[in-house]
A.B. asks: 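Take this structure, written in structure tokens, and hold onto it; I'll ask about it next.
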Amino acid sequence: MKRSEINNIILEANEMIKSFGHHLPDFAYWSVEKFREKQEEAKEIIRAGCGWDITDYGRGNFQTTGLFLFTLRNGKMADLASGKGMCYAEKLLISRHNQVAPMHTHIKKVEDIINRGGASLAVEIFGSDPHGNCDEEKGGIVFCDGIERSYSPGEIIILKPGQSITLLPGDWHAFWGHDGDVLVGEVSTVNDDVIDNIFRDEVSRFSYIDEDTAPIHLLVSDYPKWLNA
């Protein structure tokens, strides 16, 4: 992805988030220079991978295969393992009309995907085979707003604004804006985007960036390069 495209996506996403009455934390608006100045103070933000996250999954067409995310808070795997401390994470996502987040599951993360407003969100779901792989002939059971429901293999569950689905490890899922753009909330156990995303097809969780212009804000994936983190 070109950095200029990423900059524009950030600006558009920020306006959409504000239009629904949500506001991002102060660090969301730090320049690269300010982030560097505050790097020691912000070490927990960096460690947790909080901040802007924009990906085309290495497919080169963000409009058809991509996702906007902002990680608001994220705990530690050690806390999750011990059952004490900050065992949770929270994100805001924007799923554009017919923009697919590819089929994937997680090894450890349990997540609630919540339609926070806008259009409907389509969630396609499959079960797992005995080895944990996506089984296109297997359905299963999920909870939607606390109500148990069964699903058939590849069923597309439509979430209207205010509705949600709880996904466990082994629930293979893809999602997209069904009839327009959707603001999505994600509440989960501790999030590790480096090792805990298992995709059915060969994609890249983070994008290669063509630095055709300077970043207005750093992405989570920029921290190692730009902050020597």
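Counting begins at 1 with the first residue of the sequence.
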A.B. asks: Run the salt-bridge test on D26 and K38 with the 4.0 Å N-O cut-off and return the result as yes or no.
C.D. replies: no

A.B. asks: Is the number of heavy atoms from other residues, nucleotides or ligands within 6.0 Å of CD (E211) greater than 12?
C.D. replies: yes

A.B. asks: Measure the acute angle between the ring planes of F70 and W52, then classify it against the limits of 30° and 60° as parallel, tilted or perpendicular.
C.D. replies: perpendicular

A.B. asks: Roughly how far apart are S188 OG and N74 CG, rounded to 0.5 Å?
C.D. replies: 7.0 Å

A.B. asks: Between E33 and R36 (salt bridge meaning N to carboxylate O under 4.0 Å), is one present in this structure?
C.D. replies: no

A.B. asks: Take Y223 and F35 through the test ring-ring contact (aromatic ring centres under 6.0 Å, His included) and record every step on the way to the result.
C.D. replies: CA-CA 10 Å; Y223 294 164; F35 222 132; 5.3 Å; yes

A.B. asks: Quick one: closest heavy-atom pair of N61 and D56, and the distance?
C.D. replies: N-OD2, 4.2 Å

A.B. asks: Do D212 and R3 sit within salt-bridge range, that is, some charged N less than 4.0 Å from a carboxylate O?
C.D. replies: no

A.B. asks: What orientation do H173 and H106 show, parallel under 30°, tilted 30 to 60°, or perpendicular over 60°?
C.D. replies: tilted

A.B. asks: Does a salt bridge link E186 with K109, judged by any charged N lying under 4.0 Å from a carboxylate O?
C.D. replies: yes

A.B. asks: Tell me if the CZ atom of F206 is crowded by more than 12 foreign heavy atoms within 6.0 Å.
C.D. replies: yes

A.B. asks: Between R73 and E44 (salt bridge meaning N to carboxylate O under 4.0 Å), is one present in this structure?
C.D. replies: no

A.B. asks: Should the pair D181-R96 be classified as a salt bridge under the 4.0 Å nitrogen-to-oxygen rule?
C.D. replies: yes

